[in-house]
Amino acid sequence: KQEVTQIPAALSVPEGENLVLNCSFTDSAIYNLQWFRQDPGKGLTSLLLIQSSQREQTSGRLNASLDKSSGRSTLYIAASQPGDSATYLCAVRQGGSEKLVFGKGMKLTVNP
Amino acid sequence: GAGVSQTPSNKVTEKGKYVELRCDPISGHTALYWYRQSLGQGPEFLIYFQGTGAADDSGLPNDRFFAVRPEGSVSTLKIQRTERGDSAMYLCASSRAPKGTTDTQYFGPGTRLTVL
């Protein structure tokens, strides 16, 4: 059974720092990995999707990398801003399945 | 274009009652998913539709939960004899891709269900 872990559960940083968010998964037979952002009481916004054949994806200040063989992904946020404060969730889509398996998320607070 | 919409945004009900939660996917998206998110947890898969049929309902917790998508667009998640443990955020997502390909799942704002 696929398990997705995000450590730490919460992170508080001053504005301007470059951040690395970690995600690990137990079964490397995945189709893709997706990073989401969730604001309090809201739905999920997709940030980046990395297919299993890719090593990284970039969008603006965000860069996500994937090392499938070691079961790890990182989300890099450059020059963090208070507006980046949210919960960040990592999810994998298992090979042969349509469902996403999520981690518990990491709550990020960027202080001005 | 419009994103995934869900109604109601909040639903408060009493233990034992029946509830229906509605999801309108993005127009043209053939795949539709329901997830449930408890406080402090990540979303957990409930059911996946490809067109009108439930292609994977392995995440439904028990037979009190049922979902339909009769015309391949709007979906309704139905919960009978609600229990306090059903209280959670129910999220709907849709994607463009047919089965077997990779694509982004786009999520709606969710329905917050509270069972008193």
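Small disclaimer: the values here were computed from a predicted structure and weren't measured. Just so we're on the same page: letters track the sequence lines, and every chain starts at 1.
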Practice problem: With a 4.5 Å cut-off on heavy-atom pairs, point out which of Lys107(A), Lys104(A), Lys42(A) contacts chain B the most. | Solution: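 Greatest number of close heavy-atom pairs with chain B: Lys104(A).
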Relative to chain B, which segment of [X] carries a heavy atom at a distance below 4.5 Å: side chain, backbone, both, or neither?
X	result
Leu89(A)	side chain
Gln6(A)	neither
Lys99(A)	both

Quiz item: Any donor and acceptor pair, going by atom type alone, linking the side chain of Ser85(A) with main-chain N or O of Val110(A) inside 3.5 Å?
Solution: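 It does hold such a pair.
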Quiz item: Given the options Gln105(B), Glu44(B), Arg112(B), which has more heavy-atom pairs under 4.5 Å with chain A than any of the others?
Solution: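 Highest number of pairs under 4.5 Å: Gln105(B).
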Self-check item: Heavy-atom pairs under 4.5 Å with chain A, option from Gly42(B), Pro43(B), Ser9(B) with the top count
Solution: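 Of the candidates given, the most pairs with chain A belong to Pro43(B).
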Exercise. Say whether Tyr33(B) and Val101(A) are linked into one hydrophobic cluster, either directly or through other cluster members, by side-chain heavy-atom distances under 4.5 angstrom.
Key: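 Result: no, two separate clusters.
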Quiz prompt | Any side-chain heavy-atom pair of Tyr48(B) and Ser97(A) under 4.5 Å | solution =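 Tyr48(B) vs Ser97(A): side chains apart.
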Quiz item: Between the side chains of Asn111(A) and Thr109(A), is a donor N or O closer than 3.5 angstrom to an acceptor N or O?
Solution: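 Looking only at side-chain atoms, Thr109(A) and Asn111(A) do not form any donor-acceptor pair under 3.5 Å.
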Practice problem: Could you pull out the closest heavy-atom pair between Ile30(A) and Gln94(A), with the gap in Å? | Solution: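 Answer, listing the atom of Ile30(A) first, then Gln94(A): CG2-OE1, 4.1 Å.
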Quiz prompt | Structural part of Gln6(B) lying under 4.5 Å from a heavy atom of chain A | solution =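 For Gln6(B), no heavy atom lies under 4.5 Å from chain A.
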Quiz item: Out of Phe107(B), Tyr35(B), Tyr106(B), which one pairs with Phe36(A) under the ring pair (Phe, Tyr, Trp, His ring centres under 6.0 Å) rule?
Solution: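 Running ring pair (Phe, Tyr, Trp, His ring centres under 6.0 Å) over Phe107(B), Tyr35(B), Tyr106(B) with Phe36(A) returns exactly one hit, Phe107(B).
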